[in-house]
Every structure is written in structure tokens, then in C-alpha cells.
There are 2 protein chains.
Amino acid sequence: MAVAEVKSNRTASKEARRQQLIQATIKCISKRGIGGTTMSEVASEAGLSQGIVNLHFKSKDNLLNETLRWVAEEYKSQFEKTLEKSGPGPEDKLLALMELDLRPSVCDRHKLAVWFAFWGEAKAVPTYQRMCDAYDREYDEVIGRLCEQIIKDGGYQAIDARTVTEALSSMTDGLWLSCLISPKSWDRQIARDAVHGYLRAVFPKHFE
Amino acid sequence: MAVAEVKSNRTASKEARRQQLIQATIKCISKRGIGGTTMSEVASEAGLSQGIVNLHFKSKDNLLNETLRWVAEEYKSQFEKTLEKSGPGPEDKLLALMELDLRPSVCDRHKLAVWFAFWGEAKAVPTYQRMCDAYDREYDEVIGRLCEQIIKDGGYQAIDARTVTEALSSMTDGLWLSCLISPKSWDRQIARDAVHGYLRAVFPKHFE
DNA sequence: GAAAAATGAATGAATAGTCATTCATTTTAT
DNA sequence: ATAAAATGAATGACTATTCATTCATTTTTC
């Protein structure tokens with residue numbers, strides 16, 4: 001996920017240029033929304049000229065799709081790294097993944113604005129919906145497996161892994177919305193407490 | 001919040017016409033997103049002519065702002081009605097309000113698409129952000145008061161009303177996102193279980 | 001090793017299309 | 001007949017896309 005280096009204005013690999021333009025697109029979407037993002041502005045944000053975006057991405061639609069893919073992949077790679085490095089128990093992994101969503105590098109208004117911009121168009125643009133849905137499914141599968149293990153491990157009764165998964169992933173998405181809409185009153189510690197409080201309440205043996 | 005009746009094509013009160021156009025705008029946003037919503041399409045959706053929207057709303061910006069206000073007011077009136085009619089205990093009111101968010105009339109993809117469309121532009125369009133923030137604050141105040149009463153009533157220790165409020169409102173927002181993005185796998189009962197499971201875990205004396 | 005040719009990336013002016021907005025005209029209600 | 005409301009063609013601004021030209025770098029030739 002490292003952003004390829006851009007050497008000079010005329011010499012840069014195709015891939016590096018695409019990365020540079022995707023980064024510019026992310027900035028534009030965050031500042032002006034998808035509706036307010038124009039090809040010229042993306043080019044100018046990247047310090048390049050008018051036609052450059054059509055040269056590297058066929059069309060605006062394509063640029064936006066690739067940008068969504070990049071954002072989703074960036075998140076996914078952080079998610080996988082966190083999953084791998086945390087542990088050893090499933091409860092440790094679950095907590096680490098929840099905290100990832102609230103880390104300043106992930107839960108940052110500029111990045112959240114991009115996610116919400118795509119979600120906001122998802123019903124109108126089926127490709128966005130399909131892509132978001134696919135990534136969500138992967139996410140839920142991992143969280144679901146961890147919950148199952150925790151439930152089995154703790155012998156919890158009358159708790160359904162899918163329900164807990166839905167509750168947890170919904171909570172973090174909703175906390176993102178709060179951060180986006182009410183940045184003044186949003187408090188990272190309260191967000192963490194909300195998640196942790198839920199985990200403690202549902203899985204007391206693991207999170208007390 | 002009743003949608004004013006439109007009698008004939010040429011005789012309709014100014015207010016009725018505005019309502020009619022706002023309804024058309026909601027349909028357009030749901031179908032094509034904010035970016036894809038044009039003044040002509042709104043007019044045509046309403047069965048009226050080109051210039052009509054500029055006649056009744058000064059500009060597109062104004063139309064969108066008024067549409068957001070309408071959507072927020074519609075929700076608010078349902079919220080207040082629910083708050084009033086439920087009870088008697090704060091736990092009954094809280095549960096009723098949570099279930100309101102998951103009712104088919106509220107948690108419906110077409111309506112959710114509109115909310116998310118505005119949220120998706122909120123960072124880029126400060127008027128959207130301010131308005132959403134203001135309505136959110138009212139919501140949180142009511143939920144917060146109910147939680148405080150429940151905590152006091154049950155003598156719950158080490159539970160902070162604000163944290164629970166944030167957790168609950170986030171959860172419902174996140175469940176809305178799931179409904180929007182993954183309608184195929186979304187299950188209203190699981191959503192209800194997620195909310196109810198949280199309430200039971202946090203306020204066992206009230207929700208067992 | 002230097003000059004010439006080729007390569008491929010970037011530029012930015014031109015094009016075609018879309019859209020919000022305006023307003024002179026038409027329609028309707030009273 | 002008059003006022004209010006609606007119409008829809010016209011306008012002007014904006015934007016995605018194209019493409020002929022420019023430029024820096026690399027390769028080839030002698």
C-alpha cells in the first residue's frame with residue numbers, strides 16, 4: 001500500500017502516476033465531495049495538467065472506482081496486518097481490530113469523508129455498492145469467526161456470533177459517522193469506551 | 001409532516017407545490033444520488049415543467065437544503081410521537097425509540113439512501129454538516145436523559161450515560177449502513193437482536 | 001562517444017455536451 | 001379582466017474528453 005514515489009514531472013512510472021492521481025482524488029473528494037470533484041481539480045491538486053487524468057484512467061467513472069478500490073484495499077491491508085500481529089487469543093485480536101477502527105490514522109475526518117462520499121452514492125451507483133458490500137462481507141467473516149471462537153471458549157449461552165458481529169461492525173461505522181458529523185463533540189475515548197463497554201457486557205469473562 | 005395534497009396541476013398552494021417538489025427530490029436522490037439529481041429530473045419526477053423548481057426554490061442549493069430539513073423534520077416528528085406514546089418507564093421509551101429506527105417505514109433503503117447522500121457530502125457542504133449535527137445533538141440529549149434515568153433507577157455502577165448513548169446511536173446508524181450496502185444479507189431481526197442484546201447486557205435489570 | 005531518431009508521457013487548447021437559471025409567453029382561477 | 005402560477009425555449013457557465021503538439025529520456029547509428 002506504499003504510495004509510489006514520484007520522481008520528476010515528466011518521468012514517473014505509470015503506476016506511480018496513477019497513485020499520485022488517486023491521492024489527489026482522495027483530497028478532492030474530502031474537500032469538495034464527489035459531486036464537486038472535477039477532473040481539472042484532481043489534476044491541479046496533483047500539480048499536473050488538464051488531460052492527465054483521462055490519460056491514466058479512461059474516464060471519471062473509472063477514476064472514482066479505482067479510488068474506492070484503493071481506499072478499501074488500504075483499509076484491508078491495515079486490517080490484515082492488525083489481525084496478524086495481535087493475539088494470541090481471539091479476544092485480543094477482536095479488540096485490536098476494533099481499536100484499529102478508532103485509531104487516528106483510520107478514524108480521521110478526511111478519510112471518513114471519502115468513505116461516506118462513496119456510501120452516499122452507493123444506491124445510485126451499483127459498482128460502489130457491490131464493492132463496499134464485498135469488502136464488508138470479508139470483514140464480517142473475520143469478525144464473525146473471532147466471535148464464534150470467543151463464544152465457544154467462554155461457553156457463553158444465548159449469544160449469537162452473527163448478532164454480535166453485526167452489533168460491533170455497526171457500532172464502529174456509527175462512531176465514524178459521529179466523528180464526521182459532530183467533530184467538535186466527538187471524543188475518541190468515549191468511542192473506545194462504547195466499544196469496550198459492549199465487549200465487556202457481552203463477553204464478561206474475556207473483557208473484564 | 002403530512003404531505004400536502006396536490007389538487008390539480010394549476011391550482012396548488014405554494015406550500016403544497018414545495019412539498020411535491022421535495023418529495024420528487026427525495027425520489028431522485030434515492031435513485032440517482034445527489035450528484036445525479038438535476039433540476040429537470042426533479043421537475044419531471046413531479047410531473048411539472050423545467051423551470052418550476054427555480055420558481056419555488058430559489059436555487060438547487062436551496063432545494064437540497066430544504067429537502068434535508070424536511071427529511072430531518074419527518075424523522076423528528078416520528079421520534080417525538082414515539083417518545084410521547086411509549087412508556088411508562090424510561091426503559092420502555094428507550095426501547096421504543098430504538099425500534100423506531102429499525103421499523104420498515106424508517107429503515108428503508110430509499111430513505112436511507114437520502115440520509116447517506118447528505119452525510120456523504122456533509123464535510124464538503126457545511127450547511128449539511130451543521131444541520132445534521134444540530135438534529136443529532138437533540139437526539140442524543142433525549143437518549144442521554146433516558147439512559148441517565150435508567151442508570152439511576154437501576155443503580156448501575158461504572159456505566160456512563162454518554163457512553164451508552166453514543167453506543168446506541170452509533171449502532172443504529174451503523175445498522176442503517178448495513179441495510180443500505182448489504183440489503184441481500186441484511187436481516188431486520190438480527191438488527192433488533194443486536195440492539196436488544198446490547199440493552200440487555202448493559203441494563204440487565206431492565207431488559208432481561 | 002556524440003549526434004540523430006524514437007519513445008512515451010504530459011500538456012493545454014478545442015470540442016461537445018450537460019445543466020442551472022432566467023424570462024417572455026401562456027394558461028388558469030377568480 | 002387581472003393576478004398568480006406554470007411553461008419551456010434560450011442563455012451562459014461549467015466540465016469531461018479528445019488530440020495535436022511539446023518535451024525529456026532512451027536507444028540507435030555512425
Side-chain angles (χ1 to χ4, degrees), chain A residues 3-25 27-29 31-68 117 121 124-125 127-128, chain B residues 4-29 31-68 117 121 124-125 127-128:
Chain A
V3 177
E5 203 59 44
V6 173
K7 281 167 272 179
S8 92
N9 243 18
R10 289 276 180 169
T11 9
S13 76
K14 271 203 147 23
E15 195 44 37
R17 197 58 93 203
R18 284 171 65 95
Q19 295 289 346
Q20 183 187 8
L21 290 168
I22 284 174
Q23 295 309 312
T25 306
K27 277 188 195 157
C28 284
I29 291 175
K31 270 193 282 195
R32 313 233 177 271
I34 286 185
T37 294
T38 69
M39 301 289 262
S40 307
E41 266 195 282
V42 170
S44 131
E45 177 72 48
L48 295 166
S49 64
Q50 281 259 18
I52 197 75
V53 187
N54 288 99
L55 184 71
H56 289 279
F57 296 86
K58 237 181 27 179
S59 66
K60 189 181 182 183
D61 276 3
N62 190 235
L63 171 71
L64 291 173
N65 278 309
E66 292 303 312
T67 300
L68 173 54
E121 298 267 280
V125 186
T127 60
Y128 299 167
Chain B
E5 203 58 44
V6 173
K7 282 167 271 180
S8 91
N9 242 18
R10 290 280 179 164
T11 6
S13 75
K14 271 205 150 14
E15 194 44 36
R17 197 58 92 204
R18 285 170 63 95
Q19 296 290 344
Q20 184 188 7
L21 291 169
I22 284 174
Q23 294 309 311
T25 307
I26 288 171
K27 275 189 197 156
C28 283
I29 292 175
K31 269 192 282 193
R32 315 232 177 271
I34 286 187
T37 293
T38 69
M39 301 290 262
S40 307
E41 266 195 282
V42 170
S44 131
E45 176 73 46
L48 295 165
S49 65
Q50 280 258 17
I52 197 74
V53 187
N54 287 98
L55 185 70
H56 289 279
F57 296 84
K58 239 182 25 182
S59 66
K60 189 182 182 183
D61 276 3
N62 190 235
L63 171 71
L64 291 173
N65 278 307
E66 292 304 312
T67 301
L68 173 54
E121 297 266 280
V125 186
T127 61
Y128 300 165

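Numbered from 1 within each chain, the chains take letters A, B, ... in sequence-line order. As a basis for the values below, the full set of heavy atoms in this structure was taken, side chains included, without hydrogen atoms, waters or symmetry mates.
Qualifying side-chain hydrogen bond (donor to acceptor under 3.5 Å, both in side chains) partners for Asn54(B), counting only residues two or more places apart in sequence or in other chains: none. Applying the ring pair (Phe, Tyr, Trp, His ring centres under 6.0 Å) rule to Tyr128(A) yields the partners Phe118(A); only residues at least two apart in sequence or on another chain are considered. Residues satisfying the side-chain contact (heavy atoms from CB on, under 4.5 Å) criterion with Thr25(A), sequence neighbours excluded, are Ile29(A), Val42(A), Leu63(A), Leu64(A), Thr67(A). In this view, Glu66(A) and Arg18(A), Ile22(A), Phe57(A), Asn62(A), Arg69(A) satisfy the side-chain contact (heavy atoms from CB on, under 4.5 Å) rule, not counting sequence neighbours.
Within the structure, every side-chain polar atom (N or O) of Arg17(A) is placed at least 4.0 Å from both OP1 and OP2 of dA9(C). Phosphate proximity of dA5(D) to Lys14(B): present, with a side-chain N or O under 4.0 Å from OP1 or OP2.
Of the residues in residues 35-44 of chain A, Thr37(A), Thr38(A), Met39(A) come within less than 4.0 Å of DNA chain D through at least one heavy atom, sorted by number. Only Ser49(B), Gln50(B), Gly51(B), Ile52(B), Leu55(B), His56(B), listed by number, bring a heavy atom of residues 49-59 of chain B to less than 4.0 angstrom from any atom of DNA chain D.
For the pair Arg32(A) CZ and dC14(D) P, the interatomic distance rounds to 14 Å; values are reported in whole Å.
Nearest heavy-atom pair across Ala43(A) and Gln50(A) is CB-O, 4.1 Å. Listed here is the closest heavy atom pair of Ala124(B) and Gly33(A): CB-N, 3.3 Å.
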Check: Step by step, would you call Gln20(A) with Leu48(A) a side-chain contact (heavy atoms from CB on, under 4.5 Å)?
Finding: CA-CA 10 Å; Gln20(A) 183 187 8; Leu48(A) 295 166; 3.8 Å; yes
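Within the 4.5 Å cutoff, the side chain of Glu41(B) has no heavy atoms near those of the Lys31(B) side chain.
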